[in-house]
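Only heavy atoms go into these numbers, but all of them, side chains included; no hydrogens, no water, no symmetry mates.
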Amino acid sequence: MRRRLLVALPLLLAGCGTLPQPLLGKPGAMGARLAVPPPPVLIVPPPPDALLGNRAADAYAHDLAKALVDRNVPSIVRPARPYDWQLEATARTANATVIPGFRIIGPGHKEYGHLTGAEVSGAAWAAGDPATLRQAADAAAPGLVKQLSAINAAVQQSNPASLENRPPRVRLIRVTGAPGDGNHALKLDVSRDLPKLGVVMVDHTADADFLIDGVVKVSPANKDGKPGESDLVELDWTVRNRRGGFIGKVSQLHDLKPSEMTPYWGDVAAAAASQAALGLRQVIRNATLKHDALPKHRKTEPAHPTPAQQP
């Protein structure tokens, strides 16, 4: 078997990027200290204690939500509920300036982080100047993202079910398209090789963090399409999360003689599977470093929430 190519496509994230969502996961024994982990959406209520009128407070909340969304933290403007994770904005005066403040609040109104913003003109703030409010929100957003990231790390490290603290669980669903006994042989060999790389194989989708499908395509190696001494064999291994969201892909191209595939693949399957397992492990590792195998999307919000303002 002559190897031509092995390509591992890294984790591709949709929608919300690489920042904490903030904080998916279920707490372990130590997680009780963190109460309930934050859902994927951070609530930004219009602040009643930010020295702003009602209309300006609403505009400021939208500016904060938009600044966070722009930095891949899904955020939405509405009044907070008892079990929401929320960003509470405040402000205080200092001579002729106003200093914004922020608290990251979890369920039960427990504070998990706080930040002091940059000073702004007191007169412009009191007037609810739109440019001043946007500037204050944009200036605070990087620090808030950093705070959320630190909270996310604390949740994941305290959670024994997190992918940071246990091996990934994988289900190899099927291999299709291979001649001879290739479908069975490739699935069997990959299932044997992945555990050697620290992956736990499971039989049920509900138990898996990742799902793998293999597809084999065989075509004549000659450019004119006529049968020759060897065939071009493409093996594509697709990795998805347990909800079906795309995670990554490993592709292999080999020149194989028909006699190497029919009726039995034998050592050819073992060599291809060993190579594929290395690429699959890298795709899974990339996904694991993102702290969660679940797809990153916003939860459906009831009660008609108000989305962040568009630019």
Side-chain angles (χ1 to χ4, degrees), residues 15-17 19-23 35-149 151-152 297-311:
C16 297
L19 292 173
Q21 301 198 18
L23 326 179
V36 181
V41 178
L42 182 69
I43 304 304
V44 184
D49 300 318
L51 308 178
L52 294 168
N54 290 340
R55 183 174 297 182
D58 187 69
Y60 184 44
H62 281 88
D63 290 337
L64 287 168
K66 181 182 181 303
L68 291 169
V69 168
D70 288 347
R71 290 161 176 83
N72 300 313
V73 177
S75 306
I76 200 164
V77 176
R78 66 162 170 77
R81 299 165 184 155
Y83 293 99
D84 282 333
W85 281 76
Q86 62 174 297
L87 178 64
E88 182 181 275
T90 61
R92 60 183 175 86
T93 58
N95 298 323
T97 66
V98 166
I99 303 175
F102 308 93
R103 300 169 67 213
I104 298 170
I105 304 296
H109 211 73
K110 179 179 177 180
E111 181 177 330
Y112 287 86
H114 62 273
L115 181 76
T116 299
E119 293 184 2
V120 299
S121 164
W125 185 270
D129 176 61
T132 299
L133 299 181
R134 283 196 300 269
Q135 179 183 354
D138 288 338
L144 291 171
V145 168
K146 192 173 182 179
Q147 291 256 348
L148 291 168
S149 181
I151 298 171
N152 184 50
H297 62 81
R298 301 182 189 184
K299 285 186 177 178
T300 301
E301 285 292 323
H304 309 291
T306 304
Q309 286 181 325
Q310 298 300 314

Could you tell me the separation between the CG atom of Asn72 and the CG atom of Leu148, rounded to the nearest 0.5 Å? 12.0 Å
Does His62 reach the main-chain N or O of Asp58 with its side chain, forming a donor-acceptor pair under 3.5 Å? yes
Side-chain contact, heavy-atom cut-off 4.5 Å: Val77 with Pro46? yes
If you take all heavy atoms of Ala50 and Ala91, which pair is closest and at what distance? O-CB, 3.5 Å
Evaluate Leu133 against Leu52 for side-chain contact (heavy atoms from CB on, under 4.5 Å), listing each step before the verdict. CA-CA 10 Å; Leu133 299 181; Leu52 294 168; 4.0 Å; yes
Close side-chain approach of Glu88 to Glu111, heavy-atom, < 4.5 Å: no
Looking at every heavy atom in both Ala61 and Pro45, which two are closest together, and how far apart are they? CB-O, 3.9 Å
Going from NZ on Lys110 to CD1 on Ile105, what distance comes out if it is rounded to the nearest 0.5 angstrom? 11.0 Å
So Val73 and Leu144, do their side chains get closer than 4.5 Å, heavy atoms only? no
Would you mind reporting whether Ile43 and Ile76 have side-chain heavy atoms less than 4.5 Å apart? yes
Here the pair of heavy atoms bringing Asp84 nearest to Arg78 is OD2-NH1, 2.8 Å
Using every non-hydrogen atom in the two residues, find where Ala67 and Ala137 come nearest and quote the distance to one decimal. CB-O, 3.9 Å
Which heavy atom in His114 sits nearest to a heavy atom in Gln147, and how many Å separate them? O-NE2, 2.9 Å
Residue pair Val98 / Thr132, side-chain heavy-atom distance below 4.5 Å: no
Can you name the closest pair of heavy atoms from Ala136 and Trp125 and give their distance? CB-CZ3, 3.9 Å
